[in-house]
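The sequence lines fix the lettering, A, B, ..., with proteins before strands; numbering per chain opens at 1.
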Amino acid sequence: MQKVKLAAVSFSPYLGDFEKNLQSHRSLAEHLAPKVDFLFFPELSLCGYLLENLAHECGKTLKELELYFASFPPQITVFAGFVLYENGHFYNAYAGFSQGKPLFVHRKIYLPTYGMFDEARYFSFGQSLDYFLFHSQERAGVLICEDAWHLPLPYAHFLAGVSLVVVPSASPMRGVQDEREINIERWKGRLLCYSESLNQFYLYVNRAGIDDGVLFPGEVFLVSPLRGLIPALEEGEFEKNRYKLFLLDFEERQASAAKGGPWQNDCFSLNKALLEKSHHARF
Amino acid sequence: MLAFEELFPLPRVDKGKVSSLLVEGLRYEFLRFGIKRAVIGVSGGIDSALALALAKEALGSSQVHAYLLPFEASSPFSLEHGKTVCEKFSVPYEIIDITSMAKPYFESQAISNQLRQGNVLARLRMIVLYDMAAKHGAFVVGTSNKTELLLGYSTLWGDMASAVNPLGDLYKSQVRILADYLGIPQEICQKPPSADLWPGQSDEAELRITYDFADRILYQYIDLCRSREWICNTLSDLKMPLEDARRIFQLVRQSQFKRLMPTILKISQRTLGREFRFPRDWMS
């Protein structure tokens with residue numbers, strides 16, 4: 001089993017300024033390359049969140065992104081969020097790049113369009129959920145922010161044997177004075193629950209800064225199915241962006257499996273039958 | 001290779017259709033709130049003349065109150081042209097010289113900067129118009145066109161302030177066509193556009209861009225969603241300089257704050273303008 005050193009940055013992007021954000025991504029990658037193998041940025045880190053029509057100005061093709069990431073240090077794999085332009089569609093996407101090549105691309109499936117959110121107005125819905133090989137043998141998947149609030153998606157990653165789920169996010173702070181404040185504690189509760197139920201690691205990467213008066217908490221954390229929240233190995237700041245370094249030990253998943261848990265008894269055919277039955281009951 | 005005018009056409013306007021839509025729309029927006037009167041600041045320029053003509057068609061000449069608000073440095077032609085347009089459309093007008101409001105402030109604060117003075121004058125005119133609207137139970141009719149609004153060539157909380165703006169979706173070139181169609185006197189239609197914020201001021205000289213060029217570029221950029229890259233590449237192919245187009249893009253970006261309400265720092269779960277979204281014409 002392998003141990004992996006990774007870094008996650010609670011990055012604060014310039015709204016709609018792809019070039020400037022790319023430069024900051026590159027500087028951070030150069031700064032952290034001697035320390036870690038993987039570097040994770042938040043949702044839409046290369047362009048900012050409240051883009052509105054800027055989304056279309058920020059859209060890049062995968063080919064263009066390959067060229068941009070070709071100048072990054074080769075020894076580190078960098079995961080970043082961006083607007084992907086592909087076949088006449090704009091997607092809220094997230095990808096990992098190694099030596100300029102994309103390892104994997106996830107297109108956000110659930111685009112929140114309620115409350116303060118308006119994503120489906122500017123983006124098309126992602127249509128697939130895949131995994132990629134992380135550190136050559138472990139399976140990893142991505143759920144971009146709202147994706148993680150839709151229960152079938154963590155479950156689908158579980159069925160695919162994914163051991164690490166990365167959750168890049170641009171979830172804003174809201175309801176600071178309310179009892180049910182939507183904040184990092186709620187994210188921690190959600191991902192701890194998934195981790196415990198599905199025997200998976202969850203890496204949460206939220207952004208910092210403010211877009212048009214909307215504040216972002218700037219928090220990252222890693223959840224282990226064995227230990228819950230994992231303390232950071234190191235915390236730091238580079239060019240005003242804070243980051244945390246974590247040691248991800250996949251052996252913890254094996255230990256968790258040895259201890260046993262509800263995932264062992266998961267029965268997909270029974271779940272499917274029950275879902276279909278309740279679906280008929282409802283409609 | 002097509003010529004510049006063909007690749008970058010001016011936005012078209014169906015004079016009869018658009019003017020009747022604007023008149024109908026204006027009437028509807030007033031009456032839905034039970035407001036029968038309009039207040040308009042008439043500068044002597046083509047934009048306020050067109051707004052006045054539309055308001056007169058929508059509400060009737062006796063329901064429109066025009067205000068001519070000169071400052072001591074204003075061009076005498078502005079006042080003359082303002083009177084001309086009011087008389088042409090039989091709209092009653094009043095002249096309120098704002099020198100006595102502005103000058104003591106300029107002197108007390110030693111303001112000699114023309115831009116600061118111009119903005120203060122625009123905001124003082126807004127104060128007068130809103131007070132007159134309260135006096136008459138009227139709405140203030142806006143006079144800023146789409147080109148000005150996009151380039152940010154207007155004063156926030158000054159001449160941008162209004163209850164309803166019939167010109168806000170018309171480029172300057174479209175304003176000219178409609179003004180001509182509705183019979184705005186030629187001396188007003190033909191004179192160089194000026195905000196008259198200081199003697200000899202000319203919009204195009206100050207912006208360093210002609211309205212004709214701005215409208216052609218803005219129409220592609222805003223209405224047709226052409227990318228800045230496409231516009232610049234096409235201009236390059238035509239062997240035309242790119243500075244003016246780039247300046248237009250920069251002005252649009254820099255003035256975005258003027259076209260939106262002020263930033264509210266979000267704390268609650270229902271922030272005004274974010275989650276709390278109701279139409280302006282709520283229940284009317």
Side-chain angles (χ1 to χ4, degrees), chain A residues 12 14-20 47-61 64 67 83 85 88-90 112-122 170-183 185-186 206-218, chain B residues 11 146-147 149-152 156-157 168-169 171 217-236 242 245-280 282:
Chain A
S12 174
Y14 296 94
L15 189 57
D17 196 332
F18 183 91
E19 303 291 334
K20 254 189 189 169
C47 38
Y49 182 67
L50 284 179
L51 291 165
E52 302 189 338
N53 283 142
L54 270 176
H56 309 147
E57 295 201 2
C58 291
K60 304 287 177 199
T61 64
E64 287 172 319
L67 287 174
V83 178
Y85 176 69
H89 293 269
F90 291 96
T113 305
Y114 59 83
M116 63 162 287
F117 303 108
D118 221 1
E119 287 188 34
R121 184 179 171 90
Y122 306 105
S171 179
M173 287 198 279
R174 47 210 196 277
V176 173
Q177 73 276 42
D178 301 346
E179 281 182 14
R180 289 285 288 160
E181 177 185 350
I182 299 174
N183 60 10
E185 292 311 310
R186 282 176 75 178
N206 200 329
R207 54 159 292 185
I210 304 178
D211 285 357
D212 268 16
V214 172
L215 290 85
F216 299 91
Chain B
K146 190 171 184 175
T147 313
L149 291 172
L150 282 167
L151 299 178
L156 184 64
W157 318 126
D169 209 14
Y171 287 106
I217 299 296
L218 287 170
Y219 178 63
Q220 294 293 324
Y221 182 45
I222 303 298
D223 289 55
L224 301 186
C225 290
R226 289 286 198 185
S227 68
R228 286 173 294 193
E229 194 182 15
W230 181 88
I231 292 168
C232 288
N233 288 342
T234 309
L235 289 172
S236 290
L242 304 181
R246 286 188 176 142
R247 182 163 162 70
I248 288 170
F249 302 144
Q250 187 187 26
L251 288 169
V252 172
R253 181 172 64 79
Q254 284 177 349
S255 60
Q256 177 64 0
F257 74 97
K258 292 187 179 184
R259 296 182 288 271
L260 297 171
M261 291 298 283
T263 298
I264 292 178
L265 293 178
K266 181 171 173 53
I267 301 296
S268 76
Q269 294 203 33
R270 292 267 289 163
T271 305
L272 309 186
R274 289 254 168 250
E275 291 87 354
F276 182 85
R277 302 181 189 198
F278 283 83
R280 191 180 169 99
W282 193 349

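- For B:Ser227, no part lies under 4.5 angstrom from a heavy atom of chain A.
- Distance check, rounded to the nearest 0.5 Å: OG1 of B:Thr271 to CE of A:Met116 gives 8.0 Å.
- In this structure, B:Ile222 CD1 and B:Lys146 NZ are separated by 7.5 Å, a value rounded to the nearest 0.5 Å.
- For B:Arg228, the part lying near chain A is the side chain, with the backbone staying farther off; criterion is any non-hydrogen pair under 4.5 Å.
- Judged by distance alone, the side chains of B:Gln250 and B:Arg247 never bring a donor and an acceptor atom under 3.5 Å apart.
- For a residue to count as touching a neighbouring chain, one of its non-hydrogen atoms must lie under 4.5 Å from one of that chain's; by this rule B:Ile267 touches chain A with backbone and side chain alike.
- For a residue to count as touching a neighbouring chain, one of its non-hydrogen atoms must lie under 4.5 Å from one of that chain's; by this rule A:Leu54 does not touch chain B.
- Distance check: B:Asn233 CG to B:Leu242 CG gives 8.5 Å after rounding to the nearest 0.5 Å.
- Proximity to chain B is limited to the side chain of A:Asp118, based on heavy atoms less than 4.5 angstrom apart.
- Checked against the 6.0 Å centroid criterion, the rings of A:Phe90 and A:Tyr122 do not qualify as a close aromatic pair.
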